[in-house]
Amino acid sequence: MKIPAPKYTRDFYPEEMRRREWIEAAWVDASRAAGFLPWDGPIFETLELYKRKSGNEIVEQLFNLASKGSQELAVRPEMTPSLARMIANRQASLPRPIKWYTIGRMCRYERGQRGRLREFWQWNVDLLGVDGPIADAEVMSVAVDGLERLGLTADDVALRINSRSLLSALLTSLGIAPDQHARVYGVTDKKGKVAQPELEKLYAQIGLSQETLTQILDLMNSQSIDDVRSFASRRSDEQVAKEIAKLEELFSHLASLEKGPYCQFDIGIVRGLAYYTGPVFEIFDRKGELRAVCGGGRYDQLMETMGGQAMPACGFGMGDVVLGELLNERKLAPPSDSPLDYYLIPMGDERLADVLSLTQRFRKGGKKVDYSPKAGNLSKMLKKASETGVKSVILVGGEEWTRGQVKIRDMQSREEREVSITDLV
RNA sequence: GUGGGUGUAGCUCAGCUGGUAGAGCAGCAGAUUGUGGUUCUGCGGGUCGCGGGUUCAAGCCCCGUCACUCACCCCA
(Lines give C-alpha, C1' and ligand atoms only; values in the text may rest on other atoms or scores of the structure.)
Protein backbone atom coordinates (compact mmCIF):
# COMPACT_ATOMS: atom_id res chain seq x y z
CA MET A 1 0.00 0.00 0.00
CA LYS A 2 1.53 3.26 -1.12
CA ILE A 3 1.34 6.24 1.18
CA PRO A 4 0.55 9.58 -0.42
CA ALA A 5 2.03 12.87 0.74
CA PRO A 6 -0.10 14.83 3.23
CA LYS A 7 -2.74 17.13 1.79
CA TYR A 8 -1.61 20.34 0.18
CA THR A 9 2.07 19.56 0.53
CA ARG A 10 4.66 19.04 -2.16
CA ASP A 11 7.38 16.45 -2.58
CA PHE A 12 10.62 17.82 -3.88
CA TYR A 13 12.22 15.25 -6.16
CA PRO A 14 15.65 16.34 -7.43
CA GLU A 15 14.16 18.32 -10.31
CA GLU A 16 11.87 20.32 -8.03
CA MET A 17 14.60 20.67 -5.44
CA ARG A 18 16.90 22.26 -7.99
CA ARG A 19 14.16 24.75 -8.68
CA ARG A 20 13.69 25.55 -5.02
CA GLU A 21 17.40 26.00 -4.49
CA TRP A 22 17.50 28.34 -7.46
CA ILE A 23 14.76 30.49 -5.96
CA GLU A 24 16.35 30.49 -2.52
CA ALA A 25 19.73 31.42 -3.98
CA ALA A 26 18.17 34.47 -5.64
CA TRP A 27 16.63 35.47 -2.32
CA VAL A 28 19.89 35.02 -0.46
CA ASP A 29 21.86 36.95 -3.07
CA ALA A 30 19.41 39.85 -3.11
CA SER A 31 19.46 40.03 0.70
CA ARG A 32 23.20 39.89 1.06
CA ALA A 33 23.79 42.35 -1.78
CA ALA A 34 21.84 44.85 0.31
CA GLY A 35 23.68 44.11 3.53
CA PHE A 36 20.98 42.09 5.27
CA LEU A 37 22.16 39.44 7.72
CA PRO A 38 20.70 35.94 8.01
CA TRP A 39 18.82 34.79 11.08
CA ASP A 40 16.51 31.93 12.04
CA GLY A 41 14.30 30.82 14.89
CA PRO A 42 12.72 27.53 15.95
CA ILE A 43 10.35 25.71 13.58
CA PHE A 44 7.71 25.83 16.31
CA GLU A 45 6.90 28.53 18.84
CA THR A 46 4.63 28.84 21.84
CA LEU A 47 1.01 29.41 20.95
CA GLU A 48 1.14 32.46 23.18
CA LEU A 49 3.51 34.20 20.79
CA TYR A 50 1.03 34.01 17.92
CA LYS A 51 -1.94 34.90 20.06
CA ARG A 52 -0.14 37.99 21.26
CA LYS A 53 0.38 39.25 17.77
CA SER A 54 -2.78 38.18 16.02
CA GLY A 55 -5.47 37.22 18.51
CA ASN A 56 -7.17 33.95 19.36
CA GLU A 57 -8.81 33.33 16.00
CA ILE A 58 -5.36 32.64 14.61
CA VAL A 59 -5.34 29.34 16.47
CA GLU A 60 -7.70 27.85 13.89
CA GLN A 61 -5.12 28.30 11.18
CA LEU A 62 -2.14 26.98 13.06
CA PHE A 63 -0.71 23.50 13.17
CA ASN A 64 -0.97 22.99 16.91
CA LEU A 65 1.32 20.50 18.51
CA ALA A 66 0.07 18.11 21.14
CA SER A 67 2.78 19.04 23.54
CA LYS A 68 4.10 16.60 26.12
CA GLY A 69 4.86 19.43 28.48
CA SER A 70 2.78 22.29 29.73
CA GLN A 71 3.58 24.68 26.88
CA GLU A 72 1.13 24.85 24.02
CA LEU A 73 3.09 24.94 20.78
CA ALA A 74 2.42 25.59 17.11
CA VAL A 75 4.42 25.22 13.92
CA ARG A 76 5.39 28.64 12.68
CA PRO A 77 2.94 30.15 10.17
CA GLU A 78 5.11 33.23 9.63
CA MET A 79 8.40 34.64 10.87
CA THR A 80 7.52 38.09 12.12
CA PRO A 81 6.50 37.04 15.66
CA SER A 82 9.76 35.13 16.06
CA LEU A 83 11.65 38.13 14.73
CA ALA A 84 9.98 40.48 17.18
CA ARG A 85 10.59 38.06 20.05
CA MET A 86 14.26 37.61 19.27
CA ILE A 87 14.88 41.29 18.76
CA ALA A 88 13.00 42.22 21.93
CA ASN A 89 15.18 39.80 23.88
CA ARG A 90 18.36 41.61 22.85
CA GLN A 91 17.01 44.94 21.81
CA ALA A 92 19.42 47.10 23.76
CA SER A 93 22.55 45.46 22.42
CA LEU A 94 21.79 45.01 18.74
CA PRO A 95 23.60 47.48 16.48
CA ARG A 96 21.33 49.71 14.42
CA PRO A 97 20.01 49.62 11.86
CA ILE A 98 18.90 46.01 12.19
CA LYS A 99 18.85 44.56 8.69
CA TRP A 100 17.91 40.90 8.81
CA TYR A 101 16.61 38.31 6.37
CA THR A 102 15.49 34.73 6.72
CA ILE A 103 14.25 31.94 4.47
CA GLY A 104 12.28 29.18 6.05
CA ARG A 105 9.60 26.55 6.00
CA MET A 106 6.16 27.64 7.24
CA CYS A 107 2.96 25.71 7.83
CA ARG A 108 -0.62 26.95 7.92
CA TYR A 109 -3.60 24.72 8.40
CA GLU A 110 -5.93 25.72 5.61
CA ARG A 111 -7.68 24.41 2.54
CA GLY A 112 -5.35 24.41 -0.39
CA GLN A 113 -5.99 26.13 -3.67
CA ARG A 114 -3.93 27.66 -6.41
CA GLY A 115 -1.00 29.47 -4.84
CA ARG A 116 -1.87 28.31 -1.33
CA LEU A 117 -0.59 25.19 0.34
CA ARG A 118 -0.19 23.97 3.87
CA GLU A 119 3.57 24.05 3.67
CA PHE A 120 5.64 26.64 1.87
CA TRP A 121 8.92 28.50 1.97
CA GLN A 122 8.98 32.17 2.73
CA TRP A 123 11.59 34.86 2.40
CA ASN A 124 11.42 37.61 5.00
CA VAL A 125 13.37 40.84 4.91
CA ASP A 126 13.06 43.30 7.76
CA LEU A 127 14.67 46.61 8.54
CA LEU A 128 14.30 47.91 12.08
CA GLY A 129 15.49 51.02 13.80
CA VAL A 130 15.16 53.35 10.82
CA ASP A 131 12.20 55.62 10.36
CA GLY A 132 11.17 57.35 7.19
CA PRO A 133 10.51 56.41 3.59
CA ILE A 134 14.11 55.51 2.83
CA ALA A 135 13.79 52.34 4.91
CA ASP A 136 10.55 51.35 3.19
CA ALA A 137 12.16 51.97 -0.19
CA GLU A 138 15.09 49.79 0.79
CA VAL A 139 13.05 46.70 1.65
CA MET A 140 10.76 47.12 -1.36
CA SER A 141 13.81 47.40 -3.56
CA VAL A 142 15.27 44.20 -2.15
CA ALA A 143 11.99 42.38 -2.86
CA VAL A 144 12.06 43.49 -6.47
CA ASP A 145 15.74 42.70 -6.73
CA GLY A 146 15.04 39.12 -5.64
CA LEU A 147 12.50 38.78 -8.44
CA GLU A 148 14.84 40.33 -10.98
CA ARG A 149 17.49 37.76 -10.13
CA LEU A 150 15.01 35.09 -11.20
CA GLY A 151 14.50 36.77 -14.55
CA LEU A 152 11.31 38.72 -13.85
CA THR A 153 11.02 42.30 -15.06
CA ALA A 154 8.74 45.31 -14.73
CA ASP A 155 6.76 43.83 -17.62
CA ASP A 156 5.95 40.84 -15.46
CA VAL A 157 5.28 42.28 -12.04
CA ALA A 158 4.07 45.50 -10.45
CA LEU A 159 4.84 46.91 -7.03
CA ARG A 160 1.61 48.37 -5.72
CA ILE A 161 2.02 50.81 -2.90
CA ASN A 162 -0.29 52.56 -0.50
CA SER A 163 0.02 54.04 2.97
CA ARG A 164 -2.02 53.15 5.99
CA SER A 165 -1.05 56.39 7.71
CA LEU A 166 -2.16 58.37 4.65
CA LEU A 167 -5.46 56.49 4.58
CA SER A 168 -5.89 57.11 8.29
CA ALA A 169 -5.25 60.85 7.88
CA LEU A 170 -7.70 60.99 4.99
CA LEU A 171 -10.42 59.18 6.89
CA THR A 172 -9.87 61.41 9.87
CA SER A 173 -10.11 64.49 7.66
CA LEU A 174 -13.47 63.16 6.48
CA GLY A 175 -14.62 63.07 10.06
CA ILE A 176 -14.54 59.31 10.45
CA ALA A 177 -13.78 58.25 13.98
CA PRO A 178 -10.55 56.23 14.44
CA ASP A 179 -12.46 53.22 15.77
CA GLN A 180 -14.23 52.98 12.42
CA HIS A 181 -11.06 53.02 10.34
CA ALA A 182 -10.51 49.29 10.59
CA ARG A 183 -13.90 48.60 9.06
CA VAL A 184 -13.20 50.97 6.18
CA TYR A 185 -9.85 49.25 5.62
CA GLY A 186 -11.61 45.92 5.63
CA VAL A 187 -13.86 46.98 2.79
CA THR A 188 -11.11 48.79 0.92
CA ASP A 189 -9.14 45.56 0.94
CA LYS A 190 -11.88 44.09 -1.28
CA LYS A 191 -11.30 46.73 -3.92
CA GLY A 192 -10.40 45.00 -7.14
CA LYS A 193 -11.66 41.68 -5.79
CA VAL A 194 -15.39 42.41 -5.89
CA ALA A 195 -17.47 44.38 -8.40
CA GLN A 196 -17.95 48.10 -7.88
CA PRO A 197 -21.67 47.92 -6.88
CA GLU A 198 -20.83 45.24 -4.34
CA LEU A 199 -18.03 47.39 -2.99
CA GLU A 200 -20.33 50.36 -2.61
CA LYS A 201 -22.80 48.18 -0.77
CA LEU A 202 -20.10 47.08 1.65
CA TYR A 203 -19.04 50.66 2.31
CA ALA A 204 -22.68 51.58 2.88
CA GLN A 205 -23.01 48.82 5.48
CA ILE A 206 -20.41 50.43 7.69
CA GLY A 207 -23.03 52.96 8.71
CA LEU A 208 -21.41 56.24 7.69
CA SER A 209 -23.38 59.29 6.72
CA GLN A 210 -24.45 59.55 3.11
CA GLU A 211 -22.15 62.51 2.60
CA THR A 212 -19.14 60.68 4.02
CA LEU A 213 -19.97 57.63 1.98
CA THR A 214 -20.01 59.67 -1.22
CA GLN A 215 -16.65 61.13 -0.37
CA ILE A 216 -15.10 57.76 0.38
CA LEU A 217 -16.30 56.38 -2.91
CA ASP A 218 -14.83 59.43 -4.60
CA LEU A 219 -11.54 58.95 -2.76
CA MET A 220 -11.38 55.29 -3.68
CA ASN A 221 -11.48 56.22 -7.35
CA SER A 222 -8.03 57.74 -7.00
CA GLN A 223 -5.62 56.26 -9.52
CA SER A 224 -2.56 58.22 -8.46
CA ILE A 225 -1.08 60.29 -5.67
CA ASP A 226 -2.05 63.37 -7.68
CA ASP A 227 -5.67 62.24 -7.57
CA VAL A 228 -5.42 61.96 -3.80
CA ARG A 229 -3.85 65.37 -3.58
CA SER A 230 -6.60 67.01 -5.59
CA PHE A 231 -9.16 65.17 -3.49
CA ALA A 232 -7.50 66.45 -0.34
CA SER A 233 -7.12 69.98 -1.64
CA ARG A 234 -10.84 70.54 -1.09
CA ARG A 235 -10.17 70.73 2.61
CA SER A 236 -6.77 71.74 3.84
CA ASP A 237 -5.44 69.21 6.29
CA GLU A 238 -1.89 69.38 7.52
CA GLN A 239 -1.62 65.72 8.41
CA VAL A 240 -2.85 64.59 4.99
CA ALA A 241 -0.38 66.89 3.25
CA LYS A 242 2.42 65.50 5.37
CA GLU A 243 1.50 61.91 4.54
CA ILE A 244 1.28 62.66 0.84
CA ALA A 245 4.73 64.22 0.94
CA LYS A 246 6.13 61.13 2.68
CA LEU A 247 4.59 58.83 0.13
CA GLU A 248 6.02 60.88 -2.71
CA GLU A 249 9.41 60.72 -1.06
CA LEU A 250 9.08 56.94 -1.00
CA PHE A 251 8.35 56.84 -4.73
CA SER A 252 11.26 59.15 -5.36
CA HIS A 253 13.66 56.87 -3.44
CA LEU A 254 12.37 53.85 -5.35
CA ALA A 255 13.06 55.67 -8.60
CA SER A 256 16.62 56.35 -7.44
CA LEU A 257 16.94 52.63 -6.71
CA GLU A 258 15.91 52.00 -10.34
CA LYS A 259 12.61 50.46 -9.30
CA GLY A 260 10.46 53.20 -10.82
CA PRO A 261 9.03 51.09 -13.66
CA TYR A 262 7.63 48.64 -11.12
CA CYS A 263 5.88 51.15 -8.90
CA GLN A 264 2.30 52.22 -8.90
CA PHE A 265 0.13 53.83 -6.30
CA ASP A 266 -2.90 51.70 -5.42
CA ILE A 267 -5.35 52.96 -2.84
CA GLY A 268 -6.83 49.46 -2.62
CA ILE A 269 -3.73 47.97 -1.01
CA VAL A 270 -4.32 47.92 2.74
CA ARG A 271 -3.22 44.42 3.81
CA GLY A 272 -5.34 42.39 6.17
CA LEU A 273 -3.07 42.79 9.14
CA ALA A 274 -4.02 45.21 11.83
CA TYR A 275 -0.43 45.97 12.76
CA TYR A 276 0.60 47.96 9.69
CA THR A 277 1.11 51.62 10.49
CA GLY A 278 2.64 53.27 7.41
CA PRO A 279 3.44 52.39 3.81
CA VAL A 280 2.10 48.99 2.70
CA PHE A 281 2.77 47.18 -0.54
CA GLU A 282 2.12 44.06 -2.53
CA ILE A 283 3.76 42.70 -5.63
CA PHE A 284 1.43 41.26 -8.28
CA ASP A 285 1.85 39.70 -11.66
CA ARG A 286 0.87 42.24 -14.29
CA LYS A 287 -1.67 39.92 -15.83
CA GLY A 288 -3.50 39.82 -12.53
CA GLU A 289 -4.08 36.08 -12.67
CA LEU A 290 -2.38 35.18 -9.44
CA ARG A 291 -2.46 36.13 -5.82
CA ALA A 292 0.08 38.56 -4.47
CA VAL A 293 3.64 37.29 -4.83
CA CYS A 294 4.82 39.37 -1.92
CA GLY A 295 3.40 41.66 0.73
CA GLY A 296 4.73 43.89 3.43
CA GLY A 297 4.83 47.28 5.01
CA ARG A 298 5.70 49.36 8.03
CA TYR A 299 4.78 48.06 11.48
CA ASP A 300 6.09 50.59 13.97
CA GLN A 301 4.08 49.35 16.95
CA LEU A 302 4.81 45.66 16.84
CA MET A 303 7.94 45.73 18.98
CA GLU A 304 6.00 47.29 21.84
CA THR A 305 3.15 44.82 21.41
CA MET A 306 5.65 42.00 21.69
CA GLY A 307 7.09 43.30 24.91
CA GLY A 308 10.02 45.25 23.53
CA GLN A 309 10.72 48.92 23.28
CA ALA A 310 9.16 51.06 20.58
CA MET A 311 11.15 50.78 17.38
CA PRO A 312 10.34 51.72 13.80
CA ALA A 313 10.22 48.67 11.55
CA CYS A 314 9.28 47.56 8.08
CA GLY A 315 9.60 44.40 6.07
CA PHE A 316 7.98 41.92 3.77
CA GLY A 317 7.30 38.24 3.24
CA MET A 318 7.49 36.45 -0.08
CA GLY A 319 6.32 32.88 -0.49
CA ASP A 320 7.59 30.31 -2.96
CA VAL A 321 4.18 29.05 -4.10
CA VAL A 322 2.72 31.96 -6.04
CA LEU A 323 6.20 32.92 -7.17
CA GLY A 324 6.69 29.40 -8.50
CA GLU A 325 3.45 29.65 -10.47
CA LEU A 326 4.54 32.96 -11.93
CA LEU A 327 7.96 31.61 -12.91
CA ASN A 328 6.27 28.64 -14.56
CA GLU A 329 4.03 30.88 -16.59
CA ARG A 330 6.96 32.94 -17.74
CA LYS A 331 8.89 29.76 -18.53
CA LEU A 332 11.69 30.82 -16.23
CA ALA A 333 13.79 27.94 -14.94
CA PRO A 334 17.11 27.42 -13.21
CA PRO A 335 20.23 27.22 -15.36
CA SER A 336 21.54 23.70 -15.81
CA ASP A 337 23.91 22.37 -13.20
CA SER A 338 27.62 22.59 -13.74
CA PRO A 339 28.60 19.14 -15.00
CA LEU A 340 30.98 16.63 -13.50
CA ASP A 341 34.64 17.03 -14.34
CA TYR A 342 35.35 13.33 -14.67
CA TYR A 343 33.53 10.05 -14.95
CA LEU A 344 35.68 7.00 -14.30
CA ILE A 345 35.03 3.66 -15.93
CA PRO A 346 36.66 0.45 -14.68
CA MET A 347 37.79 -1.83 -17.50
CA GLY A 348 37.08 -5.04 -15.62
CA ASP A 349 36.08 -5.65 -12.02
CA GLU A 350 39.73 -5.98 -10.99
CA ARG A 351 40.13 -2.20 -11.56
CA LEU A 352 37.27 -1.13 -9.26
CA ALA A 353 39.59 -0.47 -6.33
CA ASP A 354 41.83 1.66 -8.56
CA VAL A 355 38.83 3.62 -9.78
CA LEU A 356 37.89 4.35 -6.19
CA SER A 357 41.33 5.53 -5.16
CA LEU A 358 41.66 7.73 -8.26
CA THR A 359 38.18 9.12 -7.63
CA GLN A 360 39.10 10.06 -4.11
CA ARG A 361 42.31 11.78 -5.24
CA PHE A 362 40.34 13.86 -7.75
CA ARG A 363 37.68 14.76 -5.23
CA LYS A 364 40.29 15.90 -2.73
CA GLY A 365 41.70 18.06 -5.50
CA GLY A 366 38.36 19.85 -5.83
CA LYS A 367 37.04 18.03 -8.89
CA LYS A 368 33.50 16.78 -9.27
CA VAL A 369 33.80 13.11 -10.00
CA ASP A 370 31.54 10.11 -10.40
CA TYR A 371 32.24 6.60 -11.63
CA SER A 372 30.62 3.46 -12.86
CA PRO A 373 29.99 1.21 -9.84
CA LYS A 374 30.58 -1.92 -11.90
CA ALA A 375 32.51 -3.00 -14.92
CA GLY A 376 30.55 -4.10 -17.95
CA ASN A 377 29.46 -3.16 -21.40
CA LEU A 378 31.65 -0.17 -22.27
CA SER A 379 29.11 1.21 -24.68
CA LYS A 380 26.50 1.28 -21.96
CA MET A 381 28.82 2.92 -19.47
CA LEU A 382 29.76 5.63 -21.93
CA LYS A 383 26.08 6.25 -22.46
CA LYS A 384 25.61 6.60 -18.71
CA ALA A 385 28.55 8.97 -18.55
CA SER A 386 27.15 10.98 -21.43
CA GLU A 387 23.82 11.38 -19.65
CA THR A 388 25.52 13.01 -16.68
CA GLY A 389 26.88 15.72 -18.96
CA VAL A 390 30.43 14.98 -17.85
CA LYS A 391 33.27 16.69 -19.71
CA SER A 392 35.78 13.82 -19.70
CA VAL A 393 35.67 10.10 -19.17
CA ILE A 394 38.66 8.21 -17.87
CA LEU A 395 39.03 4.58 -18.86
CA VAL A 396 40.85 2.77 -16.08
CA GLY A 397 42.39 -0.58 -16.97
CA GLY A 398 43.27 -2.73 -19.91
CA GLU A 399 46.54 -2.68 -21.74
CA GLU A 400 47.21 1.00 -20.94
CA TRP A 401 47.00 0.30 -17.20
CA THR A 402 49.86 -2.19 -17.45
CA ARG A 403 51.96 0.67 -18.84
CA GLY A 404 50.92 2.97 -15.96
CA GLN A 405 48.61 4.96 -18.18
CA VAL A 406 44.88 5.71 -18.51
CA LYS A 407 42.92 6.91 -21.50
CA ILE A 408 41.02 10.20 -21.16
CA ARG A 409 38.16 10.74 -23.57
CA ASP A 410 36.79 14.20 -24.22
CA MET A 411 33.06 13.66 -24.48
CA GLN A 412 32.46 16.61 -26.73
CA SER A 413 35.22 16.21 -29.31
CA ARG A 414 35.43 12.42 -28.81
CA GLU A 415 39.20 12.79 -28.83
CA GLU A 416 41.26 10.51 -26.63
CA ARG A 417 44.69 10.86 -25.14
CA GLU A 418 46.78 8.74 -22.86
CA VAL A 419 48.06 10.14 -19.61
CA SER A 420 50.41 8.68 -17.07
CA ILE A 421 48.69 7.90 -13.78
CA THR A 422 51.28 9.81 -11.81
CA ASP A 423 50.54 12.97 -13.82
CA LEU A 424 46.80 12.63 -13.35
CA VAL A 425 46.03 14.43 -10.16
C1' G B 1 -17.15 25.38 6.44
C1' U B 2 -19.67 25.81 0.98
C1' G B 3 -19.77 24.55 -4.22
C1' G B 4 -17.68 22.68 -9.09
C1' G B 5 -14.23 19.33 -11.73
C1' U B 6 -11.26 14.89 -11.92
C1' G B 7 -9.75 9.74 -10.28
C1' U B 8 -7.04 3.68 -15.44
C1' A B 9 1.08 1.83 -15.05
C1' G B 10 6.23 6.25 -12.09
C1' C B 11 4.27 10.42 -15.83
C1' U B 12 0.69 11.92 -19.93
C1' C B 13 -3.46 9.57 -21.42
C1' A B 14 -6.62 5.89 -24.74
C1' G B 15 -10.25 2.26 -23.70
C1' C B 16 -16.41 2.06 -28.87
C1' U B 17 -23.48 0.28 -27.95
C1' G B 18 -21.04 -3.05 -20.81
C1' G B 19 -17.75 -8.74 -23.15
C1' U B 20 -12.71 -10.04 -17.34
C1' A B 21 -6.88 -3.81 -19.46
C1' G B 22 -3.61 -0.66 -23.75
C1' A B 23 -0.17 3.17 -25.98
C1' G B 24 3.64 6.79 -25.66
C1' C B 25 7.27 8.54 -22.39
C1' A B 26 10.30 7.10 -18.18
C1' G B 27 12.98 2.70 -15.80
C1' C B 28 15.77 -1.94 -16.32
C1' A B 29 18.15 -5.54 -19.59
C1' G B 30 19.92 -7.32 -24.34
C1' A B 31 21.54 -6.61 -29.55
C1' U B 32 27.25 -4.64 -28.41
C1' U B 33 32.57 -8.47 -22.95
C1' G B 34 37.32 -1.59 -25.64
C1' U B 35 34.06 3.27 -27.42
C1' G B 36 28.23 7.53 -26.04
C1' G B 37 23.37 10.69 -27.67
C1' U B 38 20.14 7.20 -33.07
C1' U B 39 17.82 2.37 -33.79
C1' C B 40 15.77 -2.51 -32.73
C1' U B 41 14.17 -6.35 -29.18
C1' G B 42 12.65 -7.84 -24.53
C1' C B 43 11.31 -7.24 -19.24
C1' G B 44 9.19 -5.24 -14.85
C1' G B 45 5.23 -2.40 -13.27
C1' G B 46 -2.36 -1.79 -12.54
C1' U B 47 -7.43 -5.38 -6.72
C1' C B 48 -9.10 0.63 -13.39
C1' G B 49 -9.30 5.39 -5.85
C1' C B 50 -12.46 2.43 -2.28
C1' G B 51 -17.28 0.07 -0.92
C1' G B 52 -21.95 -1.48 -2.40
C1' G B 53 -25.86 -2.15 -6.31
C1' U B 54 -27.80 -3.58 -11.38
C1' U B 55 -26.21 -7.59 -14.90
C1' C B 56 -24.69 -14.02 -17.28
C1' A B 57 -20.76 -10.22 -17.48
C1' A B 58 -18.82 -3.48 -14.93
C1' G B 59 -12.88 0.53 -16.14
C1' C B 60 -17.69 1.83 -18.56
C1' C B 61 -24.37 2.14 -15.77
C1' C B 62 -26.51 3.53 -10.51
C1' C B 63 -25.66 4.87 -5.18
C1' G B 64 -22.32 5.98 -1.43
C1' U B 65 -17.52 7.20 0.16
C1' C B 66 -12.47 8.81 -0.03
C1' A B 67 -8.61 11.39 -2.38
C1' C B 68 -6.82 15.10 -5.48
C1' U B 69 -7.85 19.72 -7.66
C1' C B 70 -10.18 24.63 -8.70
C1' A B 71 -13.06 28.49 -6.68
C1' C B 72 -15.74 30.82 -2.46
C1' C B 73 -15.11 32.01 2.97
C1' C B 74 -10.67 33.36 5.45
C1' C B 75 -5.87 35.06 4.91
C1' A B 76 -0.56 36.66 9.39
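Sequence lines set the chain letters: A, B, ... in the order given, protein chains first and strands last, and positions in each chain run from 1.
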Inset, instruction - Using whole Å, report how far CG of A:Leu382 lies from P of B:U35. - result: 9 Å
Inset, instruction - Would you please indicate yes or no on a ring centroid separation below 6.0 angstrom for A:Trp123 and A:Phe36? - result: no
Inset, instruction - Establish, with yes or no, whether the OP1 or OP2 oxygen of B:U35 is under 4.0 angstrom from a side-chain nitrogen or oxygen of A:Ser379. - result: no
Legend entry - N/O donor-acceptor pair, side chain A:Arg116 with base B:C75, under 3.5 angstrom: yes
Inset, instruction - Check the distance between B:C73's C1' and A:Arg108's CZ and give it to me in whole angstrom. - result: 16 Å
Inset, instruction - Mind checking A:Lys190 for me? I need base, sugar-phosphate or nothing, with any heavy atom below 4.0 Å counting as a touch. - result: sugar-phosphate
Legend entry - Options B:A71, B:G36, B:A76, nucleotide nearest the side-chain atoms of A:Tyr275: B:A76
Inset, instruction - Using both distances under 3.5 Å as the test, list the Watson-Crick or G-U wobble partner of B:U6, or none. - result: B:A67
Inset, instruction - Decide salt bridge (charged side-chain N to carboxylate O under 4.0 Å, His left out) for A:Asp300 and A:Arg164; before the verdict, give the C-alpha distance in whole Å, the side-chain angles of both, and the deciding distance to 0.1 Å. - result: CA-CA 12 Å; A:Asp300 285 343; A:Arg164 289 280 281 258; over 6 Å; no
Inset, instruction - Using the P atom as the reference point in each nucleotide, state the distance between B:G7 and B:C62 in Å, no decimals. - result: 14 Å
Legend entry - Electrostatic pair A:Asp131:A:Arg298 at N-O distance under 4.0 angstrom: yes
Inset, instruction - May I ask you to say what A:Met411 touches in the nucleic acid, namely base, sugar-phosphate or nothing, with a heavy-atom cut-off under 4.0 Å? - result: base
Inset, instruction - Could you tell me whether A:Lys7 contacts a base, only the sugar-phosphate backbone, or nothing, with contacts defined as non-hydrogen atoms closer than 4.0 Å? - result: sugar-phosphate
Legend entry - Atom pair distance, as rounded to whole Å: CE in A:Met381 and C1' in B:A29: 15 Å
Inset, instruction - Considering only atom P, compute the distance from B:A9 to B:G45 and round it to an integer number of Å. - result: 15 Å
Inset, instruction - In whole angstrom, give the distance that lies between atom NZ of A:Lys380 and atom C1' of B:U38. - result: 14 Å
Inset, instruction - May I ask you to decide whether A:Asp40 forms a salt bridge with A:Arg76, counting only side-chain N to carboxylate O separations under 4.0 Å? - result: yes
Inset, instruction - Considering only atom C1', compute the distance from B:G3 to B:G10 and round it to an integer number of Å. - result: 33 Å
Legend entry - Of the listed nucleotides B:G34, B:A76, B:A71, the one nearest the side chain of A:Pro77: B:A76
Inset, instruction - Answer yes or no: is there an ion pair linking A:Arg20 with A:Glu119, defined by an N-O contact shorter than 4.0 Å? - result: no
Inset, instruction - Could you state the atom-to-atom distance from CZ of A:Phe120 to P of B:A76 in whole Å? - result: 12 Å
Inset, instruction - Could you give the distance separating B:U47 and B:G30 at their P atoms, to the nearest angstrom? - result: 29 Å
Inset, instruction - Could you go through the salt bridge (charged side-chain N to carboxylate O under 4.0 Å, His left out) check for A:Arg85 and A:Glu45 one step at a time? - result: CA-CA 10 Å; A:Arg85 179 178 67 71; A:Glu45 290 272 8; 2.9 Å; yes
Inset, instruction - Compare the minimum distances between each of B:C28, B:U2, B:U35 and the side chain of A:Glu416, then state the nucleotide with the smallest one. - result: B:U35
Legend entry - Polar side-chain contact A:Arg271-B:C75 base: donor and acceptor under 3.5 Å: no
Legend entry - Side-chain donor/acceptor contact of A:Gln113 with base of B:U69 under 3.5 Å: no
Legend entry - Nearest-Å distance for atom pair CD1/P, residues A:Ile408 and B:G36: 19 Å
Legend entry - Salt bridge flag under 4.0 Å for residues A:Arg116 and A:Glu110: yes
Inset, instruction - Please state the C1' separation for the pair B:G46 and B:G64 - nearest whole angstrom. - result: 24 Å
Legend entry - Rounded C1' spacing from B:G15 to B:A23 in Å: 10 Å
Inset, instruction - In plain terms, say whether A:Arg403 and A:Glu399 are close enough for a salt bridge, that is, a side-chain N and a carboxylate O under 4.0 Å apart. - result: yes
Inset, instruction - Sticking with atom P, work out how far B:U12 lies from B:G51, rounded to a whole angstrom. - result: 24 Å
Legend entry - Atom-to-atom span, CD of A:Glu78 to P of B:C74 - whole angstrom: 19 Å
Legend entry - Watson-Crick or G-U counterpart of B:C43, or none if no pair lies under 3.5 Å: B:G27
Inset, instruction - Could you let me know what B:U33 is paired to, Watson-Crick or G-U wobble, both distances under 3.5 Å, or none if it's on its own? - result: none
Legend entry - Rounded C1' spacing from B:A14 to B:C48 in Å: 13 Å
Inset, instruction - Using Watson-Crick or G-U wobble geometry with both distances below 3.5 Å, tell me the partner of B:C61, or none. - result: B:G53
Inset, instruction - Would you indicate which nucleotide in B:C28, B:G1, B:A76 comes nearest to any side-chain atom of A:Lys384? - result: B:C28
Inset, instruction - Using Watson-Crick or G-U wobble geometry with both distances below 3.5 Å, tell me the partner of B:G1, or none. - result: B:C72
Legend entry - Rounded distance in Å - CE (A:Met106) to C1' (B:A76): 11 Å
Inset, instruction - Identify which nucleotide among B:C72, B:G34, B:C70 has an atom closest to any side-chain atom of A:Arg291, counting heavy atoms from C-beta outward. - result: B:C72
Inset, instruction - Indicate, with a heavy-atom threshold strictly under 4.0 Å, whether A:Glu400 touches base, sugar-phosphate, or nothing. - result: base
Legend entry - Toward the 5' end of RNA chain B, by each residue's nearest nucleotide, A:Thr80 or A:Ser386: A:Ser386
Legend entry - Base B:U35 to side chain A:Lys407, donor-acceptor N/O within 3.5 Å cut-off: yes
Inset, instruction - Using a heavy-atom cut-off of under 4.0 Å over every strand shown, decide if A:Glu387 touches base, sugar-phosphate, or nothing. - result: nothing
Inset, instruction - Please confirm whether any donor atom in the side chain of A:Arg409 sits under 3.5 Å from an acceptor in the base of B:G34, or the reverse. - result: no
Inset, instruction - Between B:C70, B:A29, B:C75, spot the one nearest the side chain of A:Lys374, thanks. - result: B:A29
